Structures are given as structure tokens and as C-alpha cells.
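Just so you know, these numbers come straight off a predicted model, no measurement behind them. Whatever order the structure lists ligands and atoms in, that order sets their numbers, starting from 1.
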Amino acid sequence: MRLGSEAEKDLKQILGSEGEYSLDPSDLSHFGKDWSGLVDPNPSVIVFPKTTAAVARVMKYCFERKIPVVPSGGRTGLSGGAIAAQGEWVLSLSKMNRMEKVDVLSRTVRVQAGAVTEAVHDHCRPKGLTWPVDFASKGSSQVGGNIATNAGGVRVIRYGNTRNWVLSIQAVQMDGTVLELNGDLEKNNTGYDLRQLLVGSEGTLAVITEATLKLCPLEENVEVGLFRCRDLSQVIELFQATRVAGFPVMAFETLSAACLSESTKFLNQAAPFSLEGWGAQGFVVLCEAMNADGLLVHEKWVEFLESGLAEDAVVAQNPKQKSEFWALRESVAEAVFAGTGHGVHAGAWVYQHDVSVPIPSLTDFSKKLLAKYAADYPEFEIFLFGHIGDGNLHVFIRSKPAAGLTKEEFVQRCKSSDQHLFKFIQDFKGSVSAEHGIGLLKKNALPYSRPAHEIALMKGIKKAFDPSHLLNPGKLL
Ligand SMILES: Cc1cc2nc3c(=O)[nH]c(=O)nc-3n(C[C@H](O)[C@H](O)[C@H](O)COP(=O)(O)OP(=O)(O)OC[C@H]3O[C@@H](n4cnc5c(N)ncnc54)[C@H](O)[C@@H]3O)c2cc1C
């Protein structure tokens, strides 16, 4: 859809020196989609405001003319939340990336929503502090996107989700009203917490323009170990022992043997231990833990190995090795995607799920799921990995090139398999989206995790913020 010349003239005027816009086809394609890659983008224009006032003016203009708007962060989302496929205006926050001085006394930092997650970490490090929202896409994702998705990541087991680390939010409603939510108050019991309502709202309630983030001390003296486990049930036994070992656990992550094979190929890195005799049921665990109170993590890990809680283990000996171990885990998503049409497996596609079930049910749930896929969907390759310490599994499905499916046929097959997956999740009292959100791609899954009366309440909230349904339309609800 093209932007008319009248609207372009208005946009120029509204933005003045406080923003830019682009109609360049490569920008329209780049900024109109996220990582999921299954829906083609088709935005009318990409707007890059530089100030909150400019955001407010653009939103008001769109509100008055009933133009739908899609807020866009780093576009690392995996549920299609930032896709603009229906001629919407995309509001990219990427030029709003200013970060203020770290406030050491209150342990906070004020940033604009377009600040990149990793840039916030770098900004706070010299003060010995960090914003503990951390995952593989931190080099591209933005604070606004992290808040809008209530991002999880690799440190949730220690720090919890993004929502715990947001003190205040500035946001703009569809009609241009600017909200300042919660001031910079740690304690503020004055009614509904609208700030928390925006966390995880996936750009459907308001556009986040700034936030004050809570910080915590950087933790040092951490050890990183990799464990080779026979199967998922051994992973859970290892986790149980880790839970009661007495040292603080910073991360407890897992990847299946198939994922390890993809990431070693992708990184051109050797496997960390001998994989001889390791079956397809195998899993690797990455554990990061902190030496504390005279308790040496690696001594405990030796005990674990001796008592049969893992088949093999290696402990990183230096910072370089620590990052190599982490790379094996963090590159899985990219490695599985890299094995599609762009590279080794031309003609293959990826469809992904991000689910959670109560930790004690993980083994039974996975067994049931894998058996179903193997029996009814032999054209799928399944990759299981994720934040196992939070009960969170990423289930990536890739089409086998030999099956020769078109993208449309593959998506259709995946959608047919979804009903089984969602039903299993419901049976195990899990969630159809642990951390990536519902976006565009998981909308039909929502009723499996949220009852009709809760969805009706959510629709009421949406209506209160955005009665004309112009903000990120068609997403989440
Ligand atoms: C390799 C890889 C690993 C990942 N690992 C994790 C992980 O471990 N944990 C996890 O939780 N996620 C993970 N993700 C998903 C993704 O990185 C997160 O959801 C992230 O928080 C999205 O941020 P973003 O800036 O890229 O948002 P986008 O993808 O741009 O947008 C996501 C949603 O937020 C909305 N939005 C964006 N900015 C704003 C704003 N300023 N105001 C209002 N709404 C806005 C969009 O409309 C959209 O609905 C991963 C993704 C990749 C590619």
C-alpha cells in the first residue's frame, strides 16, 4: 500500500526536525517484519520519531484519520507482534535510544525505548550494575520491545522476568495522550498499576517511549559448566540436585542433541565432549552458578558426575571458554533458521513454539509431544531447547527438505499439528507462550491457556486504551 502525497506532506510537517520517515522498499520490508519470517510485510511507511512529542503528534494524526499503527522495536520478536502486513504505519523507536546517567543511589537508569538491550548492559557495567534482562537477541532487541513482551531469557531463574525490573514507563496512547506511569517510586499503592499492564501488552495498548529501569549488582565469581545427559529425565534429576546444592544458580539451560549438532556446525566449533554412544534422546545442560559461602561449584559438579546425574561434564576454565559454551546455547535459534532456505537446507522452513509446563511434567509432556510428531508428522525435524529451569521449552519445527513442501504447505501442516500440541499443553496446565508473546502467529492458541472470561476482560482493557482498535491491530486479541 502506498502512502499518498498529501499524507507524506503532513508527515513531513508533523515530524519537523524531530523525526524522519522512509518509503524505501528495503526499509518497508526490513522494518515491517520480525524474526518469525512467515508473514510478508506490507507497511505504508516507516516513521522514525526522535522525541516523545513527535510520537504523540504522529499518533494523534493517525487516530484522527483512522490509520493503524504498529510499534516496532528491534524486530527480534518470534510471534509476529511487530509485523505490518496490512498497510499500517510502522513507528520505529530505533532513533530514540538515549540513555541517561546511571543513578547509583536508587540503582536505576532512565532510557528511551529504542535503547538496545546490550547497550544498556554496557552503559551500566562501569558502575558494577546491570539490567538483568539477558538473552541471545540482546544485541538487537530494544528496551521498549523487551517491556512490551515482558521478555524472559537466560537469567529468569535468578531474577525473574522483565516486569520485575521496570520502575516507571512513559508511553503514548493512540489518541496522542502521554502517560507517565508510576513516577520513580518503588512503593506506590494508589490503585491499578497501569505500568504493569503495559508490560507484556505487545504494543496493543500504548507506545512505550521511555522507561526507568531497575538495576542490580553484576555478579562475579561465576562458573559455567556443560553436562551431557542421557535424556530429559536425567536433565530434570540434575536440576533437582542443583536446586538443593546450596549455590546461587544464574542459569539452567538445555539443548537437545539435534540442537547441539546445529549450533556446532553453525559456529564451526567442536563439540565440548565426546558424543560417542549418545543417542537422539540426548540433551546438553548449560549451568551457570556462583561460588558462595566457601562452597565451590565445580566440586559439587564433580559429585554430581560421580553420582550419575550426568554422563559427562566440562567446566569452563577461562572467560573465552565461558563464552564459547554460552555460544553453543545462544546460537541454537539462529543455527536452526540458518539451516533453511538461506543455506544448507534450501527449501526448508521454520515454525516455532515457546511453551511452558510445570517443571515436574516436562519429561512426560516432551515424550508425548515427540511421539506425536514422529508418528503423524515425519516431514518435521524437531528441535527442543530453552530455559528448562523455568519449565520453558522452545519447540522449533523445521521441514525436512526431502519432503519438498512449499512454505504454505509447511505452515498448513504445522497448523494442523498445533491442535495436538495445544491440547497437550492444556492437559499439562501449561502455557502456549512462555515468553515470546501471542502476537499475530499464536492468536488461535490463546484460548488453550486463557479462559473466555479472561480474554473478555483483556478485550475490555484494550477498548479502554484504544477504543478504535488502531494500535497494533490484529495482534494478541
Ligand atoms: C535468537 C533469539 C533469541 C531470543 N531469546 C529470547 C529469550 O530468551 N527470551 C525472550 O523473552 N525472548 C527471546 N527472543 C524474542 C525477542 O528477542 C524478545 O521478545 C524481545 O523482547 C523483543 O524485543 P524487540 O525490541 O526486538 O521487539 P519487536 O520484535 O520489535 O516487537 C515485539 C513486540 O513489542 C512491540 N513493541 C516493540 N517496541 C515497542 C514499544 N516501544 N512500545 C510498544 N510496543 C512495542 C511490538 O509491536 C511487538 O508486538 C529471542 C529472539 C531471537 C531472535
Side-chain angles (χ1 to χ4, degrees), residues 30-37 49 52 55 59 68-84 88 90-94 96-97 111-118 120 133-157 161-163 169-174 179 198-211 251 253 263 266 327 329-338 350 352 354 356 385-387 390 392-394 396 433-442 465-466 471-476:
H30 181 69
F31 288 93
K33 63 178 184 223
D34 68 3
W35 241 73
S36 54
T52 300
V55 172
M59 304 270 287
V69 171
V70 175
S72 162
R75 296 166 327 284
T76 64
L78 291 164
S79 63
I83 290 175
E88 301 94 331
V90 169
L91 205 63
S92 167
L93 277 292
S94 49
M96 291 180 62
N97 55 8
V111 301
Q112 285 185 307
V116 169
T117 316
E118 193 170 37
V120 175
V133 173
D134 193 355
F135 40 78
S137 53
K138 63 182 173 223
S140 306
S141 78
Q142 300 175 2
V143 166
N146 299 156
I147 295 174
T149 54
N150 183 27
V154 296
R155 309 246 177 262
V156 169
I157 193 168
N161 296 297
T162 296
R163 94 164 56 253
I169 290 178
Q170 180 192 70
V172 182
Q173 276 178 264
M174 192 62 225
L179 303 169
L198 291 198
V199 182
S201 61
E202 300 189 45
T204 62
L205 300 183
V207 176
I208 297 158
T209 44
E210 287 190 18
E253 300 278 309
S263 58
F266 178 72
R329 160 63 189 93
E330 295 215 298
S331 67
V332 173
E334 227 179 323
V336 174
F337 269 92
V350 175
Q352 19 83 26
D354 160 43
S356 66
F385 62 104
H387 317 295
D390 310 320
N392 181 183
L393 269 183
H394 300 315
F396 276 31
S433 174
E435 53 178 19
H436 295 162
I438 297 297
L440 187 64
L441 303 177
K442 295 286 144 40
F465 273 84
D466 174 27
L471 191 54
N472 219 0
K475 312 291 169 52
L476 176 52

Visitor: Tell me which protein heavy atom sits closest to atom 46 (C) of ligand 1, plus the residue, atom name and distance to 0.1 Å.
Guide: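 For atom 46 (C) of ligand 1, the nearest protein heavy atom comes out as P71 O, 3.2 Å.
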
Visitor: Considering only protein heavy atoms, which is closest to atom 53 (C) of ligand 1, and at what distance to one decimal place?
Guide: W35 CD2, 3.2 Å

Visitor: Taking atom 49 (O) of ligand 1 as the point of reference, which of Q112, E334, E202 owns the nearest heavy atom?
Guide: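 Looking at heavy atoms only, the winner is E202.
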
Visitor: Run the side chain to side chain donor-acceptor pair (under 3.5 Å) test against T204 and tell me which residues pass, sequence neighbours left out.
Guide: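 Side chain to side chain donor-acceptor pair (under 3.5 Å) list for T204, sorted by chain: empty.
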
Visitor: Counting heavy atoms only, which of G386, G439, S201, S137 is nearest atom 4 (C) of ligand 1?
Guide: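 It is S137 whose heavy atom sits nearest to atom 4 (C) of ligand 1.
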
Visitor: Which ligand 1 atoms does H387 reach within 4.0 Å, using its non-hydrogen atoms?
Guide: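 Ligand 1 atoms under the 4.0 Å threshold to H387: 7 (C), 8 (O).
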
Visitor: Can you report which non-hydrogen protein atom sits closest to atom 1 (C) of ligand 1, along with the distance?
Guide: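 Answer for atom 1 (C) of ligand 1: A333 CB, 3.8 Å.
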
Visitor: Which option out of V69, T149, N472 puts a heavy atom nearest to atom 19 (O) of ligand 1?
Guide: T149

Visitor: Quick one: look at K475 and ligand 1, take heavy-atom pairs under 4.0 Å, and tell me if it's side chain, backbone, both or neither.
Guide: neither

Visitor: Note the single closest protein heavy atom to atom 34 (O) of ligand 1, along with its residue, its atom name and the distance in Å.
Guide: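 The closest heavy atom on the protein side is A148 CB, 3.4 Å.
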
Visitor: Using the rule side-chain hydrogen bond (donor to acceptor under 3.5 Å, both in side chains), only one of N146, T76, T149 pairs with S141; which is it?
Guide: N146

Visitor: Under 4.0 Å, heavy atoms only, figure out whether ligand 1 is touched by the backbone of L93, its side chain, both or neither.
Guide: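 Contact part for L93 vs ligand 1: side chain (C-beta onward).
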
Visitor: Examine the proximity of ligand 1 to L78 and report which part, side chain or backbone, both or neither, has a heavy atom under 4.0 Å away.
Guide: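 For L78, the contact with ligand 1 is made by the side chain alone.
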
Visitor: Checking F385 now: which residues fulfil ring-ring contact (aromatic ring centres under 6.0 Å, His included) with it, not counting sequence neighbours?
Guide: H394, F396

Visitor: Within the distance-only criterion (no hydrogens, no angle test), does the side chain of S263 pair as donor or acceptor with the backbone N or O of V332 below 3.5 angstrom?
Guide: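 Side chain of S263 to backbone of V332, a donor-acceptor pair under 3.5 Å: no, none is there.
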
Visitor: Record the part of A171 in heavy-atom contact with ligand 1 below 4.0 Å; permitted values are side chain, backbone, both and neither.
Guide: neither

